[in-house]
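Order of the sequence lines sets the chain letters (A, B, ...), proteins ahead of strands, with each chain counted from 1.
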Amino acid sequence: GESNNPDAGGSDAEGGENGASSEVAGTLVGGGASSQEAAMTAWTDGFTSVAPDAQVNYASVGSGGGRDGFLGGEYDFAGSDAAMSDEEWESSQEVCGPEGAFHIPSYISPVAVAFNVEGIEDTLNLDADTIAAIFAGDVTSWDDEAIAEHNPDIELPATPISVVHRADDSGTTENFVDYLANASENWDYEVSGEWPSEIAAESAQQTSGVVGLTSETDGAITYADASQIGDLTTVAVQVGEEYVEYSPEAASQAVASSTPVEGQASNNMAYELDRNTEESGAYPVVLVSYHIFCNEYPDQETADLATAFGEYVISEDGQATAEGAAGNAPISDELRDGAMESLSAITVSE
Amino acid sequence: MTQTPTPTPASVQGPSGAPGLSEPTSNGVPRRSSLTQNTLPSWLWIVMLGGSVILGAALSALLGFNLATFFIFTAVIYVISSYIVTRTRVNRRRATDGLWTNLVYLAFLIALMPLVSVIWSVASVGIPGLMTPGFMVSDMQGITGLVDQASQTEGAPVLGGIAHALIGSLLITLAATAISVPIGLLASIYLVEYAKGGPLSRAITFFVDVMTGIPSIVAGLFAGAAMAWFLSVFSGVTGLLTTQRSTLGITAAIALSVLMVPVVVRTTEEMLRVVPNELREASYALGVRKWRTILKVVLPTAISGIASGVTLAIARVIGETAPILVTAGFVVNTNWNLFQGWMTALPVYIFRQFQNPTSPNFSDPSEQRAWAAALVLILIVMGLNLFARLIAKLFAPKQAGR
Amino acid sequence: MTSSLTQSDKRGVAGDRVFSALTLSAGVLILLTLAFVALFLTVNSRDAVYQEDQGGWILTAFLDYAYPLVIGTLIASFIALILAAPIAVGVALYISHYAPPRFSKSIGYVIDLLAAIPSVVYGAWGMSFLGPALIPVYGWLHENLGFIPLFAGDPSQTGRTIFTAGVVLGVMILPIITSVCREIFIQTPKLHEEAALALGATRWEMIKMSVFPFARAGIISGIMLGLGRALGETMAVALVLSPGMLTASLISSGNSTIPAEIALGFPEAPPGSERQAQLIAIGLVLFLITLLVNMTARWIVSRHKEFSGAN
Amino acid sequence: MSKRVDVIDLNVYYGDFLAVEGINMSIDAQAVTAFIGPSGCGKTTFLRSLNRMHEVLPGARVKGQLLLDGEDIYDPGVDPVTVRTQVGMVFQRPNPFPTMTIRENVLAGYKLNGARLSKSESEEIVETSLRSANLWNEVKDRLDRPGSGLSGGQQQRLCIARTIAVKPDVILMDEPCSALDPISTLAIEDLIGELQQDYTVIIVTHNMQQAARVSQKTAFFNIAGTGKPGKLIEYSDTTAIFNTPQEKSTEDYVSGRFG
Amino acid sequence: MSKRVDVIDLNVYYGDFLAVEGINMSIDAQAVTAFIGPSGCGKTTFLRSLNRMHEVLPGARVKGQLLLDGEDIYDPGVDPVTVRTQVGMVFQRPNPFPTMTIRENVLAGYKLNGARLSKSESEEIVETSLRSANLWNEVKDRLDRPGSGLSGGQQQRLCIARTIAVKPDVILMDEPCSALDPISTLAIEDLIGELQQDYTVIIVTHNMQQAARVSQKTAFFNIAGTGKPGKLIEYSDTTAIFNTPQEKSTEDYVSGRFG
Ligand SMILES: Nc1ncnc2c1ncn2[C@@H]1O[C@H](COP(=O)(O)OP(=O)(O)OP(=O)(O)O)[C@@H](O)[C@H]1O
Ligand SMILES: Nc1ncnc2c1ncn2[C@@H]1O[C@H](COP(=O)(O)OP(=O)(O)OP(=O)(O)O)[C@@H](O)[C@H]1O
Ligand SMILES: [Mg+2]
Ligand SMILES: [Mg+2]
Ligand SMILES: O=P([O-])([O-])[O-]
């Protein structure tokens, strides 16, 4: 039979106006967060349409694996749900020259608190304390007083709550738990990519796994990248006095109100997210996915490729491609401008 | 027909009271009874099976009928009742024999259940995917979420395929086999034919067993680290290598070899050990050297077992996911070169398509591709098995002598 | 042929030397590889047990982390073995001594197919089919046998328990044990089988007298092969299990195995961190467990060496 | 006790190959019957069909009737295991159980019946059987060593001991002495003479002197050519077969002028 | 061609067990020498030490000298394989290669060593060897069938054919006829008679008539008791051994009054 592959980048054949130069050639390899895989598929495909001689490979080995490979020289760039620690940045100076590596946000995604309860068709309002109590296993029924208090208009069924969390070590978990730990008094577990092992609950691998399991189980609640929750109903989170539903704008606003990480490369764009924000319309359960590049590459070809690819990803075109293919929320123009500037700092080592 | 034995001459005189003749008459059934006394009519079994089915169905219906309980009840009732019937109507030995026969058959039926279940779940979902035009010859280049979205929402054909993963898997497995079969075979030959039970051979046997327990992911990490080290040293010395990067098909092959070798050694060793010594001696006596004897007499005699051991080993690794993902990466296009660039393997492909659908919110096409790929993987191993059997048939001892 | 004894053909002797050296070096290569794996694990797991800034050795912290995983791994493998080993031996016997000879080859082939199924598929099957199918069983066990600690605790609503994982592992190792046993059973010398039959042994008695003693070492090594697989299986367990803290209950979610923990944790473990070292360290622990298991098996086999059938 | 064997129109097959054709004969109880004939004529094959050992080979089958004291052992209702407890067999090649000790080998048949033997009973059985097989003196000090450590001849005698230990009605012996030295052979021949008083003994042998020495009746089998079935040529009193054979080929064979 | 064998102070061990002790004898070239003796006296063991087959058993070893035309085959510089190409062996139990056809079995000595034979050469070797072993007529139509499908006697003759196909200097035969019928036995005896003209033939047998018929010299081995080593009791012309034995035990043995 004949191969059924569409022409490369068929969906965006007219692309290329956003600064991506079509002269770049060669193969750029990266690895990291598996949550970026869907978007990355779209980007690598779209990138070939603006740079026909270039190819980008991406291994979804996990954020840690991606950073590991990047620091070990295995990858030219890394995709990561968490920013590098200072030690990691220091060790990046070995492969990336004195300026080390830097982050640029590749997309910002709201983490939805999603559930599947027969009888609740609408968004549920909850505050951080209640969410923490539910996920800690202290609130065990959907008609619990704590939930009813925030939702006087909804008739809550007596279904038991099944908490579903990520079985694998995950950036989503880390951001969600970080939110709980900062915004709620009820949460005093360690913040890490691993779900606290003291809490007995159901779990599944990857975002698709938790979403799938939640969809199959009545009374289940989980947290997941909002772009991938399918038909699940979500929670509007109390911020200040209002309840905010997740949306790209609300997520961007939460990031905009956060402070950049200090002490790494000058063009670094990693953020210390402010989970306790009271800013109106900001959705603080948010995850910033980064691309990590070197400030210095050993040869011109790689440097050009990295710059071109980085620029393509954050270009309007690239963001639109990812939104169409993977449902990712596009980043704001403000962030884009900053990122373009950061990328322009990439040089070739002598 | 019970008879007191005629006293035999001194040479065969049994002990006092000739226990050998009185003992076996358990349950009042004399051993020297008429020949037909120890059997039951065959219609009895059919009746009993029928009875067990009915009883099983009834019991299962009490608990809310389902196939599993029905099967369990029927089996248990049949096994127990036929034991009791044989025990009372015939004797204990027959009953024990029948019991084990039933249990052995039951074991077989039980083993079939997961097989049927798995194959059914794979085939029923996988066949439509496999039937999609171009599935076997396309890679995933150009397949983005949008394409899948179109497939799921507008009914457009599901595009993309497994050509790249198929080639990757075959190349990697082939390389792993090429590495581990000679090593494994030679090592087991050493153990069986050369080693004289010294500490070295005992260490090898022992650690080969230990090796079977290496988690596959550890093998992957190890191979990656080893390759990275090798490349850095080697290119440092010669400056010949164009790549410093260890993510290569061959690295995955090495990782798989770590998993394969112990399986090959273990099975081959067993097979070589049961080759009768008289054949080796026959060959030596013809003035044939040891190594030729091993190659031309011992190995061919054991070839059928070895072939199935190797198949087992291949089947073991061809389905590995984690070690290949961390060593060979994951790409959308075809790569024929084990020594340059990344490769995709089928299980990795399946895993990624399941876990990270190309379009997260429209995952049906990805799942379809995943199941179809799983079906292909199963078919490949089936084919391998057939091939091993063919080899076994061609080379195996022609006929078991008396 | 008429040459003197000492002037033998040099090439022949060289052939023998080269071949035996080859086999020896293959054996040594295996040992070396294993030594390197051990070295790799040891070196990289150092940070898990020794942290300068936490006052040196942190062995207890590590053990606290590791022991539930060790127990979980053992439970899952044990369940797998308990389920698979008898059935596998039964199936192997069925193929070698019970099935009609004309079909026995094809039946063996059918069982080999179980080995053909990749672990990802088993994982998917266990997750989407077996787990849900076992939910009512867990409910029943809890209601009726809840007083036994194994069946205490809330029965899982998703079926993703250590027991389900054990069953999946059992299915996975079944063909391995079967195929090793089958090959050995078939090799049982006809002479010995006939000796038993001629004494008036029933089929089962013949098997007990001739087949099992002959195949004993083979059965044990088949089981060890299966156990090794069960101990080290990663992907299927990671997909099937809903891991959590150690519980005695087999029917609620919780428990985890070492390989699953590594697979689930490693991708996100920060490079060079204590977490990464911890994961590699439990890999080393698993390695040691396999070592122990095998020592035991060796010991069992060697106790009966004198009467081994292959002579 | 002892049973007579009547063979009626027996054909023995290996798959489609007819190895032994149209045997009709009556074998007396309490007597020794010898089967002689050139190699490949089907003696072993026929002998194995007498206790239904033939059918354990895949594809092997039997047509016809074989009456043991009037009861057809090939009747569909008959359990081969029952037949084999009544018709014991010693094979051409010694086959002691390699995983059992010498003692266990002798007791193997007893153990099957689930017989619980006291220590002294089993000691006695072991000693009597081994003595009868002329092996006692050689192995009495190593009864707990594996049976496979013996020489070929010792092994064969062990197998004979094992068979007679369970005291069957009919004893089949397929060249039981072919691996034995003359002394052991003589002892076995004596033993056969003793057994004959209580058992039906059927022995395949290549040694004509042996046939003449031990048997009352002798059956001569022959084969017309390769691929042809073996047939019973002549069956008669041993003295008649060796002194006044009726058939030319019998005469040729026993006088060594054959072929 | 043919070589003489001189044995000087030979002790043969299984591990620590001394199985055969202090053998001194000279075996003539171009003659047949028979080894007789009761079972377990070490005939097989000694025979296997003549072509260094003994040492393939783990723990088995030999002390003393064994000269083949004056050259010690146990000299450290000697390659056992060379010895075995010059000293062929036929075993007590027939052991054709089960993976090979009848033809391949006969040619095994060549094929296994990687020799390249033309079709006509190999045809010729196969036919001559099988004819000499008196097997040609029975198998000529099924040369490409597996060797394991033959009867015991046919298998043994196949093994003899296989051994003589490579034309060694000395041929060792360990009870080669114990599985054969008289006709084949006679043929093999004739063959031995022919072989003797060019080869040194050493045969272990339990059949005294056979020893008397085929051999020029006979060696009688005996054993004092279990666990004791086997010894060479008397070695002399066959006629002398059978008619005027010097030793009491020899006389007892050959006259059947032994034990
Ligand atoms: N397992 C078997 N399958 C097919 N044919 C066989 C088998 N065993 C023996 N035969 C054939 O059946 C015929 C009779 O063989 P059988 O072994 O009964 O001869 P025999 O008289 O016992 O010979 P011998 O004296 O050499 O032991 C021979 O032609 C032989 O080739
Ligand atoms: N592999 C072995 N290991 C230890 N002892 C053995 C071994 N083979 C034989 N023996 C012992 O060595 C002695 C001589 O055995 P051998 O087989 O040489 O006797 P034989 O004269 O050939 O007897 P037969 O006539 O029965 O074949 C016997 O006591 C026997 O038990
Ligand atoms: Mg025979
Ligand atoms: Mg011998
Ligand atoms: O994006 P994650 O897979 O790390 O949650």
Exercise. Do C/Ile30 and B/Phe207 have side chains that get closer than 4.5 Å, going by heavy atoms?
Worked result: no

Problem set entry | Segment of B/Thr101 engaging chain C (4.5 angstrom heavy-atom cut-off) | both

For this session: Determine the option with the most heavy-atom pairs under 4.5 angstrom with chain C, choosing from B/Glu278, B/Glu193, B/Arg266, B/Glu320.
Result: B/Arg266

Problem set entry | Atom group of C/Ile207 that falls short of 4.5 Å from chain B, counting heavy atoms | neither

For this session: With the side chain counted from C-beta on, respond yes when C/Phe19 and B/Leu295 share a heavy-atom pair under 4.5 Å apart, and no when they do not.
Result: yes

Exercise. B/Leu221 versus chain C, heavy atoms under 4.5 Å apart: side chain, backbone, both or neither?
Worked result: both

For this session: Check each atom of C/Phe129 against the heavy atoms of chain B and say whether the ones under 4.5 Å are side chain, backbone, both or neither.
Result: side chain

For this session: Determine the minimum heavy-atom distance between C/Glu183 and B/Ser304, stating which atoms define it.
Result: OE1-OG, 3.9 Å

Exercise. Once you round to the nearest 0.5 Å, how far does CD1 of B/Ile214 lie from CG of C/Leu41?
Worked result: 7.5 Å

Exercise. At a heavy-atom separation under 4.5 Å, does B/Ile110 approach chain C through its side chain, its backbone, both, or neither?
Worked result: side chain

Exercise. Between C/Val180, C/Thr234, C/Val37, which shows the greatest number of heavy-atom pairs under 4.5 Å with chain B?
Worked result: C/Val37

For this session: Please check if any side-chain donor atom of B/Ser117 sits under 3.5 Å from a side-chain acceptor atom of C/Trp125, or the reverse.
Result: yes

Exercise. Under the salt bridge (Lys or Arg N to Asp or Glu O under 4.0 Å) rule, what pairs show up with a residue in residues 16-30 of chain C, not counting sequence neighbours?
Worked result: B/Arg289-C/Asp16

Seminar exercise, completed: Scored by heavy-atom pairs under 4.5 Å with chain B, the best of C/Glu233, C/Arg229, C/Lys208 is C/Arg229

For this session: Of all the heavy-atom pairs spanning B/Ala203 and C/Leu31, show the shortest one and how long it is.
Result: O-CD2, 3.9 Å

Exercise. Side chain, backbone, both or neither: which part of C/Leu24 has a heavy atom under 4.5 Å from chain B?
Worked result: both

For this session: Could you look at B/Val275 and say if it's the side chain, the backbone, both or neither that has a heavy atom under 4.5 Å from chain C?
Result: neither

Exercise. Under a 4.5 Å heavy-atom cut-off, does chain B meet the side chain of C/Ser119, its backbone, both or neither?
Worked result: both

Exercise. Among B/Thr205, B/Val122, B/Leu379, who wins on heavy-atom pairs under 4.5 Å with chain C?
Worked result: B/Thr205

Seminar exercise, completed: What one should report as the nearest heavy-atom pair of C/Val171 and B/Pro114 is CG1-CB, 3.6 Å

Exercise. At a heavy-atom separation under 4.5 Å, does C/Leu291 approach chain B through its side chain, its backbone, both, or neither?
Worked result: both

Exercise. Looking only at heavy atoms, which two atoms of C/Gly90 and B/Val104 are closest? And how far apart?
Worked result: O-CG1, 3.4 Å

For this session: Heavy-atom distances under 4.5 Å only: say whether B/Ile380 touches chain C with side chain, backbone, both or neither.
Result: neither

Exercise. By a 4.5 Å heavy-atom criterion (distance strictly below it), what part of C/Ile186 contacts chain B: side chain, backbone, both, or neither?
Worked result: neither

Problem set entry | Interface moiety of B/Thr267 toward chain C, non-hydrogen atoms closer than 4.5 Å | side chain

Exercise. Contact part of C/Val110 toward chain B, heavy-atom cut-off under 4.5 Å: side chain, backbone, both or neither?
Worked result: both

Problem set entry | Contacting region of B/Met113 [heavy-atom separation from chain C under 4.5 Å] | neither

Seminar exercise, completed: Value for CE (C/Met235) from OG (B/Ser216), rounded to nearest 0.5 Å, stands at 7.0 Å

Exercise. Is it the side chain or the backbone of B/Val258 that comes within 4.5 Å of chain C heavy atoms, both, or neither?
Worked result: side chain

Seminar exercise, completed: Minimal heavy-atom distance between C/Ile87 and B/Ala111, with the atoms involved, is CG2-CB, 4.2 Å

Problem set entry | Structural part of B/Phe108 lying under 4.5 Å from a heavy atom of chain C | both

Problem set entry | Centroid-centroid under 6.0 Å between C/Phe36 and B/Phe222 rings | no

Problem set entry | Spacing of CD1 belonging to C/Ile111 relative to CG belonging to B/Leu115, to within rounding of 0.5 Å | 6.5 Å

Seminar exercise, completed: When rounded to the nearest 0.5 Å, the distance separating CD of C/Gln187 from CD of B/Glu270 is 10.5 Å

For this session: Check the angle between the aromatic planes of B/Tyr105 and C/Tyr94 and answer parallel, tilted or perpendicular using the 30° and 60° thresholds.
Result: perpendicular

Exercise. Roughly how far apart are B/Ile217 CD1 and C/Ile262 CD1, rounded to 0.5 Å?
Worked result: 7.5 Å

Seminar exercise, completed: The reported gap from OG1 in C/Thr33 to CD1 in B/Ile183 (rounded to nearest 0.5 angstrom) is 7.0 Å

Problem set entry | Side chains of B/Tyr190 and C/Leu22 in contact at under 4.5 Å (non-hydrogen atoms) | no

For this session: Could you tell me which of B/Ser121, B/Pro182, B/Ala187, B/Gly184 has the largest number of non-hydrogen atom pairs under 4.5 Å with chain C?
Result: B/Ala187

For this session: Would you mind telling me which of C/Ile107, C/Leu231, C/Leu130 has the largest number of heavy-atom pairs within less than 4.5 Å of chain B?
Result: C/Ile107

Seminar exercise, completed: Across all chains, not counting sequence neighbours, the side chain to side chain contact (heavy atoms under 4.5 Å, CB included) partners of C/Ala21 are none

For this session: Pick whichever of B/Ile204, B/Ile189, B/Val118 has the most heavy-atom pairs under 4.5 Å with chain C.
Result: B/Val118

For this session: Considering non-hydrogen atoms only, spot the tightest contact between B/Leu377 and C/Pro118 and give its length.
Result: CD2-CG, 3.1 Å

Problem set entry | Side chain / backbone / both / neither for C/Ala201 at chain B, heavy atoms under 4.5 Å | backbone

Seminar exercise, completed: Ranking C/Gly283, C/Ser221, C/Ser25 by heavy-atom pairs under 4.5 Å to chain B gives rank one to C/Ser221

Problem set entry | Exam field: side chain B/Asp97 to backbone C/Thr202, donor-acceptor pair closer than 3.5 Å | no

Exercise. Checking heavy atoms, do the side chain of B/Phe351, its backbone, both or neither come under 4.5 Å from chain C?
Worked result: both

Seminar exercise, completed: When the 4.5 angstrom heavy-atom criterion is applied to C/Tyr98 and chain B, the contacting part is both

